[in-house]
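Just so you know, these numbers come straight off a predicted model, no measurement behind them.
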Amino acid sequence: MKTTLSFALVATLASACLVPAFAKEPIKAEDLYALSMVTNPVVAPDGKRVLFTRAAFDRAQDRRTGELWLAHLDDQGAIVDQRLLVARDVGPREAVFSPDGRRIAYVATSIDKPQIFVMTLAEGVGQPVTTGELAPGSLRWSPDGSRIAFIGREEAKPATIPGMPEKSKGAEAAADAKIVTDLFWRFDGAGESKPGANHLYAVELGTAAVTRMTSGDTNQIDRTGIAWMPDSRHVIGSHTVDPINGPLESDLYLYDVAGKAPKKRLTSRAGSEYAPEVSPDGRRLAFVGSEASAEFYDMPRLWTTTPSPDARIDALAADLDRPVAGIVWREDSAALHTLYYDQGVQRIVTIDAASGARAPVVDLVGGTRLYLPSSGGQFSAAQGTFAYTTSFTDRPAGLGVSRGHGETGAIDFNRAWAEGKSSARIEEVTVASRADGLPVQGWVAFPPGFQAGKRYPLILDIHGGPNTDYGPFFSITHSLYAAAGYIVVFANPRGSIGYGERFANAITNAYPGQDHDDLMSIVDEVAKRPYVDRRNLFIGGGSGGGVLTLWGIGKEPDKFRAAVALRPVVDWTDQVTTADLPSFFMKHWMGAAPWDKPELYFARSPYSLAGQVKTPTMLITGEQDYRTPISQTEQMFGALKLRGVETEMVRLPGAGHGMGRPSQWLQSVLAPIDFFNRHKAK
């Protein structure tokens with residue numbers, strides 16, 4: 001009996017070795033709720049711990065959530081422990097260490113209002129230190145650890161119409177009229193803006209007393225970062241005095257913490273100055289910003305000056321022809337750790353504060369958008385320890401740690417998930433644009449289980465911006481496109497960032513223009529390959545990608561089987577008068593008012609090509625999108641319907657420009673897949 005059982009067991013084990021331990025599955029829509037992502041890493045002042053947020057997607061509540069975590073490092077930079085600090089139910093965010101590293105401050109929800117909390121790490125319990133309705137943000141500890149500066153908003157009493165009779169008690173009266181006097185009366189993702197102004201505050205931790213450093217009925221500071229002076233008596237921040245006539249004109253100001261002296265302007269050059277960082281010795285002030293120009297894109301660079309009025313401003317590492325995304329001073333005040341965009345990804349270098357010489361630190365920082373494969377990760381540094389978001393093609397970003405020579409530690413919440421999934425392989429491709437031979441970088445994502453002898457339909461997906469980018473990152477959109485059996489092509493046409501200022505500004509007075517040729521060139525190149533079914537080419541994209549999608553089917557109406565434009569700009573006149581950033585679009589992108597040059601606005605609007613469109617088209621936009629208002633989508637829908645073009649409009653209730661809640665993300669991906677499937681040539 002024993003011999004028979006042993007033989008059977010051996011036979012079973014032997015047969016099991018002939019097949020994989022498990023079959024990998026393609027990515028499905030519901031996988032979104034199984035994923036999480038690391039964002040906003042913050043290194044402790046001693047370089048031995050890292051705070052970070054773990055973002056995930058709650059299926060039951062249909063919302064994005066965030067948890068605050070803490071990782072401990074050993075002397076080599078390896079992660080030896082990780083633990084949850086603050087659960088998702090209060091939405092912790094904007095966490096920062098105290099100067100001594102013993103406490104952290106963060107924003108969390110308390111009785112349905114955001115407040116500042118402080119936690120002593122040895123105790124592990126956060127306590128609120130504010131109780132008002134200021135919606136605090138941009139937290140920074142004072143160097144002496146006694147205060148936290150923050151930016152908040154003080155609301156004003158809404159205006160009313162004089163002479164209105166008092167409402168009867170219990171009457172079912174209509175809501176009061178809304179009287180709007182501010183051009184910037186609503187913002188995408190935030191909704192209608194109540195009357196009031198942004199001010200700079202400080203909360204005294206010993207007494208919980210809140211001091212307002214600024215006064216006035218209009219905004220007194222921008223939400224673009226603040227920094228303390230070493231004396232713990234002054235804070236530096238950026239302020240845009242005239243957002244209508246100077247949408248990219250901001251200066252740095254010195255604010256008195258006691259609130260007894262008016263703010264003092266430190267910079268006055270034409271252009272933008274923001275994200276200030278004061279050197280540890282207090283002698284130098286670094287910031288990110290750009291010089292004013294008449295170009296489409298003013299590229300952000302790294303600048304240094306002294307923290308005194310109208311001091312000389314120097315461009316640091318002026319030969320770095322790449323947009324700067326973040327800076328941190330080294331403890332000796334002799335160098336700045338810098339994050340910048342470069343050809344679809346981000347990198348970290350250390351820049352000498354005197355010579356501008358650069359030393360590479362981290363060659364690849366991962367993006368954290370997830371919905372689409374854009375760069376845009378984060379990093380932090382202290383005492384030679386660097387923490388950053390890591391990059392993967394088959395799963396969302398994790399946490400990476402480096403001491404400057406390779407990765408020493410990592411946290412990857414999605415490894416087990418990815419090992420069970422058959423993901424899209426991503427391959428880089430570069431083509432010469434048919435417009436002028438300009439090199440254009442892109443990528444091809446292949447369907448899971450790709451077979452070289454088989455022909456696949458192709459989707460060109462176009463990024464928005466247009467001054468943003470795509471890169472070789474995992475995204476839920478491209479993963480689901482590939483899992484549905486499509487080759488996905490995505491690229492960085494002229495106008496994209498990370499290829500130099502000239503490349504980003506090649507669309508000045510020409511958007512859309514030769515960026516269309518760049519995209520068509522990469523489609524044509526990939527379509528020549530034996531695995532592409534050239535009968536089934538599709539096009540889609542969101543925001544600026546929606547612009548180029550509609551432009552593409554207007555310019556080349558016979559090229560694509562179907563198109564999906566998500567949250568597009570259709571009519572630039574409508575855009576500069578109804579979007580949430582009207583003066584920016586009018587002054588920086590169009591360069592003239594629509595009433596002065598109506599022919600310019602019409603010529604650059606996809607609406608001008610509506611009469612040439614034949615391609616079946618789907619339009620998808622959130623009903624609360626204020627960046628590219630849904631009126632634009634309705635306009636193109638009506639135009640194409642009147643012409644008899646097959647057109648569908650998908651409206652996402654309550655969604656803004658970011659496409660809303662997790663289920664709406666999925667709807668905005670699955671609807672195009674269904675539309676493309678219905679229009680494939682058999």
For Arg322, salt bridge (Lys or Arg N to Asp or Glu O under 4.0 Å) partners two or more places apart: Asp342

Ser374 vs Thr468 side-chain heavy atoms within contact, under 4.5 Å: no

Salt bridge (Lys or Arg N to Asp or Glu O under 4.0 Å) between Arg627 and Asp580, intermediate numbers included: CA-CA 6 Å; Arg627 185 61 43 80; Asp580 63 347; 2.7 Å; yes

Distance-only side-chain donor-acceptor flag, Gln378 / Thr389, under 3.5 Å: no

Donor-acceptor side-chain pairing of Ser543 and His657 below 3.5 angstrom: yes

Interatomic spacing from OG1 in Thr621 to CD in Gln624 - rounded to 0.5 Å: 12.0 Å

Shortest non-hydrogen separation from Thr240 to Glu249 and the atoms involved: CG2-O, 3.5 Å

Parallel, tilted or perpendicular, as decided by the 30° and 60° cut-offs, for the rings of Trp665 and Tyr371: tilted

Pair Tyr33 + Phe57: ring centers closer than 6.0 Å: no

Student check: side-chain heavy atoms of Pro128 and Thr131 closer than 4.5 Å: no

Geometric class of the His478/Phe490 ring pair [parallel <30°, tilted 30-60°, perpendicular >60°]: tilted

Side chain to side chain, Arg265 and Tyr253, heavy atoms closer than 4.5 Å: yes

Within the 6.0 Å centroid threshold, strictly below: His239 and Tyr255: no

Exercise: identify the closest heavy-atom pair between Tyr297 and Ala504: CD2-CB, 3.3 Å

Polar contact flag, side-chain donor to acceptor under 3.5 angstrom, Asp574-Tyr607: no

Short side-chain donor-acceptor distance under 3.5 Å, Ser293 and Asp298: yes

